Each structure stands twice: as structure tokens, then as C-alpha cells.
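Notes follow the structure.
Just so it is clear, the structure is predicted and the values come from calculations on it, not from any experiment. Heavy-atom basis, side chains included; hydrogens, waters and symmetry copies ignored.
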Amino acid sequence: MPFTLPAGSDVVEETEVKHSRFIAALRRVDSPADAQAFLGEQRRLHPDARHHCWAYVTGNEPSERAERSGDDGEPGGTAGVPMLQVLRARDLVDVAAVVTRYFGGVKLGAGGLVRAYSGAVAVAADAARPTLLSRERLDLLSLDVGHDTAGRIEAELRGRAIPVVDTVYGAEVTFTLATKDPGHLAAVVSELTAGAGELEPAGVRWVDV
């Protein structure tokens, strides 16, 4: 199950390795453009820092997921990729991480850099754990009903805690319903419509819970 951060609540944690300061910042983002904007903010916030390394994961379905990272002058593969691996390992989605490094005068070597950057993100991710939201995949299905029964059926659906996410009025009334259990929803609709209601697939929706 994927997890994400609440909107509008950055997580910032600082670690130190051999006198170098690593400031890890995590933010919820909805797109790669948001992630790049976050990186720009961190650069402006810490203009004297030597490196601003970054990684992000956006998108819910594996087929639509975007994952990118950057080393910002550190040796290739020693910063951005290890940061990205932490986000993957924690099942974080729609999250960007930026680690700002103030060089402390001691070179860490490739292995030391990998541990420092991944460790900085891990510390921030651990700090964020109590506020993380789990993300669930709901199936969307549409249901056409007559105007004469629409009010009763909608009230019954809502009374059974079935989300009605959209209603369109035309020749008939079309409800878009969300559920984790299409089989249960089909049984409820059959009961409410005396077997006349037919559900049609209408996509998916990911919700934070």
C-alpha cells in the first residue's frame, strides 16, 4: 500500500556526518513540476550550500509513476539514486526529497556519501511516519436510474457509506460510485433496484485515508 504526506506540511530534519551538514526536506507534490519547484525553493533557502541533491516519486499506478533523481555535483550515483531508493523502500508516492549539504571539509568517499544521503532521507521519513496517509485504490462504477427513484437510491447508498462521487442528470440520473469491493456494491445495487440496476466500469480513484 502506498503512503504520502499531508499537503502543506514539509518535514525537515538535519544530520551531520564528519562535519558536513545534511538538511533533508520532504514535501508532498502532485507532479514533477511541483517537485522541481520545491527544489528551487530549497536552493533559494540555502544559497550558500554546496549541493542540493533530490529525488521524487509521483503517480499511483506503477504504469504512470514518474521517478527521478539528481546528484547536483556529487559523484554520479552517490546521492540522488540512494535517496530515491529510500522513497521506494518506504512506499512513498507523490513525495519529493531534497537534501542540502553544507560541506564540512572532510571528503566522505562514495560509500560514505551513499550512506549520508540515504540516511538523511531515512531520518526525515521516520520523522514523518506519524503523519503519513495511506493511499487506497477505489474502483469507480456508474449506475443509471430513473428520476423517480434517484432520490431514494442516493439516500440509501449514502446511508450505507457508499461514496457517491458524481451525479449527472440527463434522460436518466447517472451516479458515479466508489468502492473497494465491487462485488459488495453490486449486491447492494441489486437489492436497491430490485435487480434492474447495472453497474458499468468508470475508472479508478486513489484516496488518502
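R90 has a carboxylate O that lies under 4.0 Å from a charged side-chain N of D126, or vice versa, which qualifies the two as a salt bridge. Between D166 and R205 there is no salt bridge, since no side-chain nitrogen of the basic residue lies less than 4.0 Å from a carboxylate oxygen of the acidic one.
Looking only at side-chain heavy atoms (C-beta outward), Y102 and H46 come within less than 4.5 Å of each other. The side-chain heavy atoms of L5 and L132, taken from C-beta on, include a pair separated by under 4.5 Å. Proximity of E156 to E191: side-chain heavy atoms (C-beta onward) are nowhere separated by under 4.5 Å. Looking at L199 and L177, their side chains come closer than 4.5 Å, going by heavy atoms from C-beta outward. Contact of the D71 side chain with the Y117 side chain is not registered, since no non-hydrogen atoms from C-beta on lie closer than 4.5 Å. Side chains of E14 and E16 form no contact here, defined as non-hydrogen atoms less than 4.5 Å apart. Side-chain atoms of D208 and T4, non-hydrogen and from C-beta on, do get closer than 4.5 Å to each other. In this structure the side chain of V106 never reaches within 4.5 angstrom of the side chain of S20, judged on heavy atoms.
Of the possible polar contacts, none joining the R68 side chain to the W54 backbone as a donor-acceptor pair under 3.5 Å is found. Remark: the backbone N or O of D30 is not paired with any side-chain donor or acceptor of D94 at under 3.5 angstrom. Using a distance-only test at 3.5 Å, with no hydrogens or angles considered, no donor-acceptor pair links the side chain of H52 to the main chain of R101. Not a single donor-acceptor pair under 3.5 Å links the side chain of D91 to the backbone N or O of F3.
To the nearest 0.5 Å, the span separating CG on D72 from OG1 on T100 amounts to 9.0 Å. Atom CG in L84 sits 12.0 Å away from atom OG in S118 (nearest 0.5 Å). In this structure, the separation between CG on L108 and OG1 on T78 is 9.5 Å, given to the nearest 0.5 Å. Between L192 atom CG and I162 atom CD1 the span is 7.5 Å, to the nearest 0.5 Å. Between F103 atom CZ and R50 atom CZ the span is 5.0 Å, to the nearest 0.5 Å.
Annotation: ring pair (Phe, Tyr, Trp, His ring centres under 6.0 Å) contacts involving residues 162-207, sequence neighbours excluded, are absent.
The minimum heavy-atom distance linking A124 with E13 is given by the pair CA-CG, 3.8 Å. Between E74 and C53, the shortest heavy-atom distance links the atoms CG-SG, 3.8 Å. Residues E61 and R137 come closest through the heavy atom pair OE2-NE, 3.0 Å.
With sequence neighbours excluded, the residues forming a side chain to side chain donor-acceptor pair (under 3.5 Å) with E67 are R88, listed by chain and number.
A donor-acceptor pair shorter than 3.5 Å cannot be found between the side chains of D139 and T179.
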